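Accompanying notes for the structure given below.
Labels below follow one simple rule: chain letters A, B, ... track the order of the sequence lines, proteins then strands, and each chain is numbered from 1. Quick caveat, the model's predicted, so the values are computed rather than measured. We use all heavy atoms of the structure for the numbers below, so side chains are in, but hydrogens, waters and symmetry mates are not.
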Number of protein chains: 2
Amino acid sequence: MSDLTAVDVAVSPETKFREYLMTQGMRLTTERETIVREVFASHEHFDADQLVSRLNQRTDGKRVSRSTVYRALAQLKDSGLLRAVARPNDREVYEHDYGYPQHDHLICKECGDLIEFVDDSLNEMLSRVAAQNGFRISAHRLEVYGKCANCCRPKRRQRKTDMI
Amino acid sequence: MSDLTAVDVAVSPETKFREYLMTQGMRLTTERETIVREVFASHEHFDADQLVSRLNQRTDGKRVSRSTVYRALAQLKDSGLLRAVARPNDREVYEHDYGYPQHDHLICKECGDLIEFVDDSLNEMLSRVAAQNGFRISAHRLEVYGKCANCCRPKRRQRKTDMI
DNA sequence: TTTCGTGCAAAGCCTTTGCATCCAT
DNA sequence: ATGGATGCAAAGGCTTTGCACGAAA
């Protein structure tokens with residue numbers, strides 16, 4: 001992800017997941033633990049398929065079936081550990097919703113890059129609008145589409161990370 | 001839709017659609033014309049399936065196949081006449097993007113109602129963020145999830161349009 | 001005639017689910 | 001022993017596409 005600062009959290013994702021599962025009469029199985037760890041091993045955005053691939057590449061034999069991954073993703077979302085942020089290619093894209101500050105995204109239509117940003121005035125605006133409509137907000141999703149700085153500039157060839 | 005005021009437009013949706021199609025070397029066929037008219041006959045949000053149903057209920061024999069509807073929706077989107085606004089039940093939901101002011105939505109998780117709103121500070125914020133990131137915005141989608149006024153209040157039974 | 005469009009049915013794609021087997025308590 | 005969990009394969013649900021026929025220029 002970008003340069004947003006991680007937030008201090010009291011307990012690890014595994015623990016938080018276990019606590020959630022317990023409230024649902026479920027257990028933190030080996031598979032589910034493997035998945036949470038893999039999910040929180042990196043701050044990148046990912047979709048179900050990418051997660052499955054990452055799990056399949058493991059050499060420690062801790063593979064998990066696709067079904068279990070999908071089931072776990074739903075549980076991670078319900079537990080507040082993950083959040084669905086976009087659906088670029090008809091695939092749900094997830095990101096950490098635990099230990100990470102709330103933010104929104106600029107989405108480049110050319111290279112698909114997701115740029116995170118935070119702006120307080122958005123929340124002020126949302127509160128105002130909610131009040132005006134007697135609406136009780138539980139969440140929001142703001143996706144800003146366009147062209148990122150890199151894709152905007154005149155290109156000889158496309159350069160990914162420039163300025164070396 | 002809600003109480004947003006329609007914007008004056010120079011040409012009809014049909015005309016605008018025809019113009020777009022011509023630039024693509026396509027024609028405004030009877031089917032496509034039937035679809036644009038049906039789409040712009042009402043300001044409600046709709047999904048592909050609802051549009052197909054509306055077209056199937058016609059008694060004037062002007063029915064259109066599902067494939068053609070899907071193809072036309074893509075063209076209407078490309079032409080700037082329609083915009084995809086949400087995807088509540090895995091169905092893409094569309095609304096008019098022509099002759100209607102730009103706005104965003106409060107989406108009630110209980111009853112599924114879409115409430116439109118406009119707030120200038122959002123655009124100010126977006127411009128600022130875009131500038132900071134060297135990002136060129138082409139569009140945005142803001143979905144605010146929660147509970148609408150109607151669903152919030154203590155209910156004996158659920159009432160749709162109250163206060164009679 | 002030639003190109004574009006339509007309709008039908010089949011295929012695609014991501015995701016969900018039925019079901020038999022397994023595992024931990 | 002027992003209820004939840006996993007994996008596989010099949011089913012689902014929306015959307016897209018191949019293809020032959022039809023219509024307009």
Interatomic distance, [X] [atom1] vs [N] [atom2] [rounded to whole Å]:
X       : N      : atom1 : atom2 : answer
B:Glu31 : C:dG5  : CD    : P     : 11 Å
A:Gln75 : D:dA5  : CD    : P     : 7 Å
A:Leu28 : D:dT6  : CG    : P     : 10 Å
A:Met26 : C:dT25 : CE    : C1'   : 17 Å
B:Glu33 : C:dG5  : CD    : P     : 15 Å

Pairs satisfying salt bridge (Lys or Arg N to Asp or Glu O under 4.0 Å), at least one member in residues 69-82 of chain A, at least two apart: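 Not a single pair qualifies under salt bridge (Lys or Arg N to Asp or Glu O under 4.0 Å).
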With A:Glu124 via salt bridge (Lys or Arg N to Asp or Glu O under 4.0 Å) - residues at least two apart: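 With neighbours one apart ignored, the set is empty.
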With sequence neighbours excluded, residues passing salt bridge (Lys or Arg N to Asp or Glu O under 4.0 Å) with A:Arg54: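 A:Arg54: salt bridge (Lys or Arg N to Asp or Glu O under 4.0 Å) contacts with A:Glu38.
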B:Arg32 side-chain N/O to C:dT6 phosphate OP1/OP2 under 4.0 Å: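 Result: yes.
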Under 4.0 angstrom between A:Thr68 side-chain N/O and D:dG7 OP1 or OP2: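 Answer yes for this pair, as a side-chain N or O of A:Thr68 is under 4.0 Å from OP1 or OP2.
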Donor-acceptor contacts under 3.5 Å from residues 15-31 of chain B side chains, at least two apart:
residue	atom	partner	partner atom	Å
B:Thr15	OG1	B:Ser12	OG	2.9
B:Thr23	OG1	B:Tyr20	O	2.5
B:Thr29	OG1	B:Arg32	N	3.2

For residues 125-137 of chain B, run the donor-acceptor check on the side chains, cut-off 3.5 Å, and write out each pair with its distance to 0.1 Å, sequence neighbours left out.
residue	atom	partner	partner atom	Å
B:Ser127	OG	B:Asn123	O	2.8
B:Arg128	NE	A:Asp119	OD2	3.3
B:Arg128	NH2	A:Asp119	OD1	3.1
B:Arg128	NH2	A:Asp119	OD2	3.0
B:Arg128	NH2	A:Ser121	OG	3.1
B:Asn133	ND2	B:Val129	O	2.8

Which residues share a ring pair (Phe, Tyr, Trp, His ring centres under 6.0 Å) with B:His105, sequence neighbours left out: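 Per chain and number, B:His105 pairs via ring pair (Phe, Tyr, Trp, His ring centres under 6.0 Å) with B:His45, B:His103.
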Reading 5' to 3' through nucleotides 12-25 of chain D, protein heavy-atom contacts under 4.0 Å coded B for base, S for sugar-phosphate only, - for none: --SBBBB-------
Those residues that, when tested against B:Val69, pass side chain to side chain contact (heavy atoms under 4.5 Å, CB included) (two or more places apart):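 Side chain to side chain contact (heavy atoms under 4.5 Å, CB included) list for B:Val69, sorted by chain: B:Ile35, B:Leu51, B:Val52, B:Leu55, B:Val64, B:Leu73.
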Close aromatic pair by centroid cut-off 6.0 Å: A:Tyr100 and A:His43: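 Yes - the distance between ring centres of A:Tyr100 and A:His43 falls below the 6.0 Å cut-off.
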Stretch residues 15-23 of chain B: residues that reach within less than 4.0 Å of DNA chain D through a heavy atom: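 Close to the strand, none.
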